[in-house]
Amino acid sequence: MPELIGKKVIIRYFKLDDFKDFYEFSSDPRVGYTAGWKPHTDENTSRRILQAKVFSAQNFAIVEKATGKVVGSIELNPSHIRERIKAFEIGFALNPDYWGLGYASEATRLLTAYAFKEHNALVLEMCHIADNIQSEHVARACGFIYEGTLKAYKLMYDKRIVDVKLYRLTLEEYKRMK
Ligand SMILES: CC(C)(COP(=O)(O)OP(=O)(O)OC[C@H]1O[C@@H](n2cnc3c(N)ncnc32)[C@H](O)[C@@H]1OP(=O)(O)O)[C@@H](O)C(=O)NCCC(=O)NCCS
């Protein structure tokens, strides 16, 4: 994937050199908790996960354009809900120092355009734990449409069982939006 360049952020593959920035947000309890994964508690875990991301074609760094700092991550994974349709799920997480600046929604819009254009996606999905209002804002701001709530859908790392809200954007809906 080429770098996707927006007004405020750039989306690119992760590098091993991103470790300091990656650990900064991955170890912050405010990030993992609502995203659904255990905040990293030691550098070795973070280093291992970053290595996997570096070699992944689906995981990308969100870079603040003005400073070059890696402020978050965004993913484009094959859908595990839709069948035999070219569908992908977008997921993201951002360093809390950079919340509320429109970075997540710009990153999502960049990846959405890329997925429809370069991956020939027919449907994109986003989902979030039902009480994750910030993710809901990103989904709606980017034109994704609420599909429903999956009750008792996910077992979290802390043993909570949570409801998950699901959104979609079809290629047709995307074209109409533009
Ligand atoms: C989810 C997360 C990435 C959102 O980050 P953020 O910085 O709040 O996102 P943005 O600043 O891009 O805001 C998203 C949109 O919501 C809008 N918004 C913010 N508050 C709003 C409100 N109260 N009402 C309506 N819209 C609102 C913003 O205006 C923005 O839209 P715009 O770019 O069109 O202006 C961040 O909270 C996070 O990393 N959380 C922890 C990890 C996580 O939950 N990940 C998602 C897992 S599904």
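FYI, side chains are in, hydrogens and waters are out, and symmetry mates aren't considered; it's all heavy atoms of this structure. Just follow the structure's listing: the first ligand is 1, and inside any ligand the first atom is 1.
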Checklist entry - With distance as the sole criterion, is a donor-acceptor pair present between the side chains of Glu89 and Asn77 under 3.5 Å? => result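 Absent: no donor and acceptor within the cut-off.
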Next on the checklist: Hydrogens and angles aside, do Glu136 and Tyr167 bring a side-chain donor and acceptor to less than 3.5 Å of each other?
Outcome noted: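 Side chains of Glu136 and Tyr167: pair found under 3.5 Å.
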Next on the checklist: Ring centres under 6.0 Å, that's the criterion: do Tyr23 and His40 meet it?
Outcome noted: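 Between His40 and Tyr23, which both carry aromatic rings, the centre distance is not below 6.0 Å.
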Checklist entry - Is the gap between the ring centers of Phe14 and Phe22 under 6.0 Å? => result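 Yes, the ring centres sit under 6.0 Å apart.
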Next on the checklist: Could you walk me through whether Arg168 and Glu173 satisfy the salt bridge (charged side-chain N to carboxylate O under 4.0 Å, His left out) test, starting with their C-alpha distance in whole Å, then the side-chain angles of each, then the deciding distance to 0.1 Å, before giving a yes or no?
Outcome noted: CA-CA 9 Å; Arg168 60 120 216 292; Glu173 288 160 348; 2.7 Å; yes
Checklist entry - Got a sec, which hydrophobics cluster with Ile133, joining ILVMFWY side chains under 4.5 Å apart, including via others? => result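 Joined to Ile133, directly or through intermediates: none.
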Checklist entry - With hydrogens left out, which residues have an atom under 4.0 Å from ligand 1, given that only heavy atoms count? => result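 Close residues (ligand 1, cut-off 4.0 Å): Arg30, Val31, Thr34, Ala35, Phe92, Ala93, Leu94, Tyr98, Trp99, Gly100, Leu101, Gly102, Tyr103, Ala104, Ser105, Arg109, Cys127, His128, Asn132, Gln134, Ser135, His137, Val138, Ala141.
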